Amino acid sequence: MSYTVGTYLAERLAQIGLKHHFAVAGDYNLVLLDQLLMNKECEQVYCCNELNCGFSAEGYARANGAGAAVVTFSVGALSALNAIGGAYAENLPVILISAAPNSNDHGSGHILHHTIGTTDYSYQLQIAEKLTCAAVSITSAEDAPEKIDHAIRTALREKKPAYIEIACNVSAEPCAAPGPISAVVDAPASNKATLDAAVKAVADFIEKHEKPAILVGSRLRAAGAEEAAVKLADALGCVVATMAAAKSFFPEDHPSYVGTYWGSASTPGVNEIFNWTDSIIALAPIFNDYSTEGWTAWPQGPNVAVLDKNITKLHGYAFDNIHLKELLEALAEYFKNKPKKDSTLVQYKRVHTERTVETTGKGDDVLTRADIQQTLQSLVTPETTIVGETGDSWFNVMRTRLPRGARVELEMQWGHIGWSVPAAFGYAVGAPERRTILMVGDGSFQLTAQEVAQMIRRKLPVIIFLINNAGYTIEVEIHDGPYNNIKNWDYAGIISAFNAEDGKGKGLRAKTAGELADAVKVALENKEGPTLIECVIPRDDCTSELISWGRHVATANGRPPAK
Ligand code: DPX
Ligand code: MG
């Protein structure tokens with residue numbers, strides 16, 4: 001079989017497990033799209049715009065380990081690069097593939113359409129270099145294989161996005177056949193001596209403390225160490241909490257699991273036990289202003305060991321070039337038959353109180369946030385994935401208890417409102433066997449609403465809870481002003497516009513508890529498209545966690561300049 005640059009790329013995408021790639025057409029990439037279409041193992045899925053295309057691939061990577069987006073030069077790629085920044089922040093290997101000017105035009109002095117109107121076309125590559133772990137420009141077929149392999153290999157190893165730009169006249173050029181995929185996907189093992197030293201240092205750290213606790217961070221999945229973390233928890237027997245962005249990265253039915261650690265927004269009892277503990281083993285955490293609640297809940301200092309994806313740091317030590325998974329497995333083995341280090345769990349059982357169940361309405365009672373959150377709770381099964389948008393959705397999702405197997409997807413490091421609609425689309429394409437539930441605010445929805453049309457096109461039964469609280473409530477609680485008010489939309493009505501003549505999406509509005517219950521029944525029966533339930537609640541009907549967390553973050557944002 002003979003290959004072209006485009007079919008080589010398609011085969012590599014299929015070989016790394018992509019059954020789909022996302023695309024928006026443009027004249028620079030049409031030949032490339034033709035080449036990609038020839039590969040029947042990796043279907044082309046279309047998006048409404050390139051920002052959404054990037055986020056769809058990002059959501060797909062969450063379901064499937066990696067994703068790819070194919071866009072046209074500049075007008076397309078510069079929009080997609082925002083989502084690529086998101087993939088970098090969220091540790092997801094998304095391959096952005098952009099078509100580029102004809103190889104003869106580089107350095108020719110020609111001015112081309114879709115460009116900024118100068119004759120140097122390297123600007124897009126230069127921007128991409130800042131936002132990816134590997135960025136390559138392909139202007140000849142000879143060096144295409146090594147450049148494609150380098151970009152994909154680096155993305156998979158680092159769990160970061162990569163960028164491949166292909167001159168539009170090169171994608172159909174003949175090129176070498178792909179070699180064994182193991183050259184791309186096989187990762188080198190940890191440095192053995194460093195791993196042994198790290199195991200000893202962390203084991204000493206745990207042994208010399210009486211009251212250790214494990215804190216699970218959001219890079220744990222990227223590190224491939226979720227199961228290894230469970231083994232360590234089993235071996236130690238101490239409490240385990242997840243950071244907010246790591247919700248669902250540790251089984252919530254595990255006997256050691258206590259909930260979310262997030263300062264004042266923690267699950268009841270968790271902040272208290274983390275104040276009581278004398279040592280924290282933090283697994284792949286991201287400590288930023290949001291996750292530390294405005295730097296007020298930031299575990300650091302000699303009693304905190306930070307075990308990250310490839311680097312471990314604890315008082316007096318730094319070890320790099322080791323895999324977290326191997327480190328955790330070795331530690332679990334070491335502690336397996338030793339007396340349990342379970343004092344934090346014993347103490348937690350003494351002091352914690354369950355969260356009181358909130359009152360919910362029925363029938364004609366005016367709909368409340370609590371009704372929505374408990375409805376979400378009632379829908380969660382082991383096959384459910386909840387995609388939670390930035391806003392009070394975060395805190396509602398955080399309150400939801402997960403049976404084993406249920407997953408949550410959040411974008412807390414990048415925090416681009418509107419991310420969740422295309423990401424839920426991409427996720428549902430990548431995991432059709434799961435029930436995808438999206439919880440999104442009205443303000444966020446207005447950024448990327450049109451991607452619901454792609455859910456309709458592909459008949460994906462995503463359930464969308466759209467919280468219409470008349471504005472940017474999280475911003476209202478942080479710092480209010482007229483800029484937090486938005487134009488109301490007929491959100492439920494939008495679905496019939498997207499359906500046009502053939503779609504099977506459903507849009508329903510709930511203003512009472514009874515209407516929400518009825519809408520959910522409709523949603524569960526609709527298997528041929530998404531169901532959007534517009535949930536109308538008052539502007540200030542938000543979680544108490546949002547209010548306290550928002551105040552801390554506002555204080556951190558408002559610090560005066562240092563003198
Ligand atoms: C902004 C945010 O309606 O949710 O629950 O009402 O807050 P809530 P909504 O979706 O509103 C979201 C809004 C405006 N953030 O409260 S979180 C600033 C922002 C951002 N991303 C982008 N632009 C602005 N996070 C792309
Ligand atoms: Mg809102």
Side-chain angles (χ1 to χ4, degrees), residues 49-52 54-55 58 78-90 131 244-245 265 288-291 294 367-373 376 386-400 410-424 438-452 464-492 494 509-511 532-554 556-557:
N49 64 47
E50 286 83 355
L51 173 66
N52 292 354
F55 281 141
E58 194 262 26
L78 293 191
S79 295
L81 280 165
N82 187 326
I84 293 303
Y88 200 102
E90 300 291 322
L131 298 173
N288 65 17
D289 51 344
Y290 274 16
S291 70
L367 189 68
T368 64
R369 180 208 57 75
D371 293 329
I372 305 168
Q373 195 271 325
L376 173 68
I386 307 171
V387 180
E389 180 62 89
T390 302
D392 200 27
S393 298
W394 277 352
F395 299 91
N396 282 301
V397 171
M398 219 48 65
R399 283 191 181 198
T400 307
L410 303 160
E411 195 222 29
M412 285 193 159
Q413 175 58 34
W414 195 237
H416 184 304
I417 57 170
W419 154 83
S420 67
V421 182
L438 165 59
M439 192 173 212
V440 56
D442 47 356
S444 301
F445 186 75
Q446 292 197 359
L447 275 85
T448 51
Q450 64 276 69
E451 230 50 30
V452 175
I464 305 171
F465 289 99
L466 186 141
I467 318 302
N468 183 351
N469 57 7
Y472 298 149
T473 291
I474 193 170
E475 307 289 359
V476 170
E477 306 308 326
I478 291 176
H479 182 126
D480 202 7
Y483 33 75
N484 292 330
N485 302 328
I486 60 175
K487 168 77 183 78
N488 192 33
W489 288 7
D490 177 359
Y491 298 99
I494 233 172
R509 181 173 299 113
K511 290 183 161 183
L532 183 151
I533 307 174
E534 177 185 346
C535 304
V536 184
I537 58 171
R539 184 175 162 104
D540 286 318
D541 187 2
C542 63
T543 57
S544 54
E545 293 89 308
L546 168 61
I547 296 171
S548 62
W549 175 89
R551 197 183 51 237
H552 283 108
V553 170
N557 279 344

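Owing to the predicted nature of the structure, the values given are computational and were not obtained by experimental measurement. Counting starts at 1 for both ligands and their atoms, in listed order.
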Any N/O/S atom, side chain or main chain, of [X] closer to the Mg ion (ligand 2) than 2.8 Å?
X: Thr473; answer: no
X: Gly471; answer: yes
X: Asp442; answer: yes

Taking atom types as modelled, is there a side-chain donor on [X] or [Y] under 3.5 Å from an acceptor on the other?
X: Ser420; Y: Glu389; value: yes
X: Glu475; Y: Asn484; value: no
X: Asn396; Y: Ser393; value: no
X: Asn82; Y: Trp414; value: yes

Margin query: Below 3.5 Å, N or O to N or O, backbone or side chain included: is there any such pair between Gly415 and ligand 1?
Written below: yes
Checklist line | Sub-4.5 Å side-chain heavy-atom contact between Glu534 and Ile494 | finding: no
Heavy-atom proximity to [atom], best of [options]:
atom: atom 13 (C) of ligand 1; options: Phe395, Trp419, Tyr472, Trp394; result: Tyr472
atom: atom 14 (C) of ligand 1; options: Glu475, His416, Met439; result: Glu475
atom: atom 16 (O) of ligand 1; options: Thr448, Val476, Ile474; result: Ile474

Check: Which atoms from ligand 1 have a heavy atom of Thr390 less than 4.0 Å away?
Finding: 17 (S)
Next item on the list: Find all atoms of ligand 1 within a distance of less than 4.0 Å from any non-hydrogen atom belonging to Ser444, and give their numbers and elements.
Entry: 9 (P), 10 (O), 12 (C)
Next item on the list: Verify whether the ring centers belonging to Tyr290 and Trp549 lie closer than 6.0 Å.
Entry: yes
Margin query: Using a 3.5 Å distance criterion without hydrogens, assess whether the side chain of Arg369 forms a donor-acceptor pair with backbone atoms of Asp541.
Written below: no
Item checked: ligand 1 contact on Asn469 by region, counting heavy-atom pairs under 4.0 Å -> side chain
